[in-house]
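Structure first, then comments.
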Amino acid sequence: MARDYGKFIMIFSVIYWQSQGYCGKRLKELGITCGQFMYILCICENPGCSQEQVAESTYIDKSTVAKAIQQLLKAGYITRRVSPEDRRVNQLYPTEKAMEVYPKIVQTLKDYNTEYLRGLTDIEQDIFMRLLEKMFTALDL
């Protein structure tokens with residue numbers, strides 16, 4: 001069976017750019033960017049995590065995470081405290097400002113999924129997600 005691998009990459013690229021546009025427009029109303037929401041989600045769901053843990057859980061390189069963390073600190077979305085166990089480790093905590101936008105970010109992502117998966121049955125959506133997860137785990141990140 002011949003496969004059109006260029007089409008595969010193009011489809012993923014279009015899905016990515018559509019998601020960025022959708023989320024970017026909705027998140028702008030909250031005062032955050034597409035590049036920030038993942039970190040806010042991660043820190044709200046894992047208060048006290050380290051910058052390294054954020055990098056590991058988001059699969060984003062440490063230097064990019066460091067820049068984003070600085071922006072979030074400056075914007076008042078997170079705070080940083082020295083770990084009582086290891087003074088070399090900084091723990092990251094969401095502020096009230098982050099906790100306020102957290103449910104709105106989650107709703108934005110739910111709305112995106114609902115809108116872009118609306119043509120699929122529940123079974124098709126389940127199969128689609130399982131296949132994406134299988135592809136993701138095969139990436140060996």
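Nothing fancy with the numbering, it's 1 onward along the sequence.
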Any donor and acceptor pair, going by atom type alone, linking the side chain of [X] with main-chain N or O of [Y] inside 3.5 Å?
X	Y	answer
Arg26	Cys23	no
Gln91	Arg81	no
Gln125	Leu117	yes

Any [X] side-chain heavy atom under 4.5 Å of [Y] side chain:
X	Y	result
Asn90	Val82	yes
Leu41	Leu109	yes
Lys7	Met10	yes
Tyr77	Ile32	yes
Val101	Phe37	no

Check your understanding: More than 12 non-hydrogen atoms from neighbouring residues, nucleotides or ligands closer than 6.0 Å to CD on Glu115, yes or no?
Key ->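 Yes - once you tally the heavy atoms of other residues, nucleotides and ligands closer than 6.0 Å, there are more than 12.
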
Within this structure, what is the [atom1]-[atom2] distance for the pair [X] and [Y], rounded to the nearest 0.5 Å?
X	Y	atom1	atom2	answer
Thr137	Leu132	OG1	CG	10.5 Å
Asn113	Met129	CG	CE	7.0 Å
Gln70	Lys67	CD	NZ	11.5 Å
Thr95	Glu100	OG1	CD	9.0 Å
Lys97	Leu72	NZ	CG	9.5 Å
Thr108	Lys25	OG1	NZ	12.5 Å

Study note, to complete from the structure: Residues joined to Ile127 in its hydrophobic cluster, side chain to side chain under 4.5 Å directly or through other members, sorted by chain and number, are Ile123, Leu131

**Study point:** Derivation of the ring pair (Phe, Tyr, Trp, His ring centres under 6.0 Å) call for Phe8 and Phe12
**Key:** CA-CA 6 Å; Phe8 174 81; Phe12 271 95; 4.9 Å; yes

Practice item. Could you tell me which non-hydrogen atom of Gly31 sits nearest to which non-hydrogen atom of Gln36, and how far apart they are? Key: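 What the structure gives for the nearest pair is O-OE1, 4.4 Å.
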
Check your understanding: Closest approach of Pro94 and Pro47, non-hydrogen atoms and distance?
Key -> CD-CB, 3.9 Å

Verify the cluster assignment for [X] and [Y]: are they in a single hydrophobic cluster under the rule of side-chain heavy atoms below 4.5 Å apart?
X	Y	result
Leu30	Ile78	yes
Ile15	Tyr22	yes
Val106	Tyr39	yes
Ile43	Leu73	yes
Val14	Tyr16	no

Point to revise | From CA spacing to verdict: side-chain contact (heavy atoms from CB on, under 4.5 Å), Ile60, Met38 | key: CA-CA 10 Å; Ile60 297 174; Met38 283 192 313; 3.1 Å; yes

Point to revise | Qualifying side-chain hydrogen bond (donor to acceptor under 3.5 Å, both in side chains) pairs, either residue in residues 41-52, two or more places apart | key: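 The answer is Glu45-Tyr102, Ser50-Gln53.
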
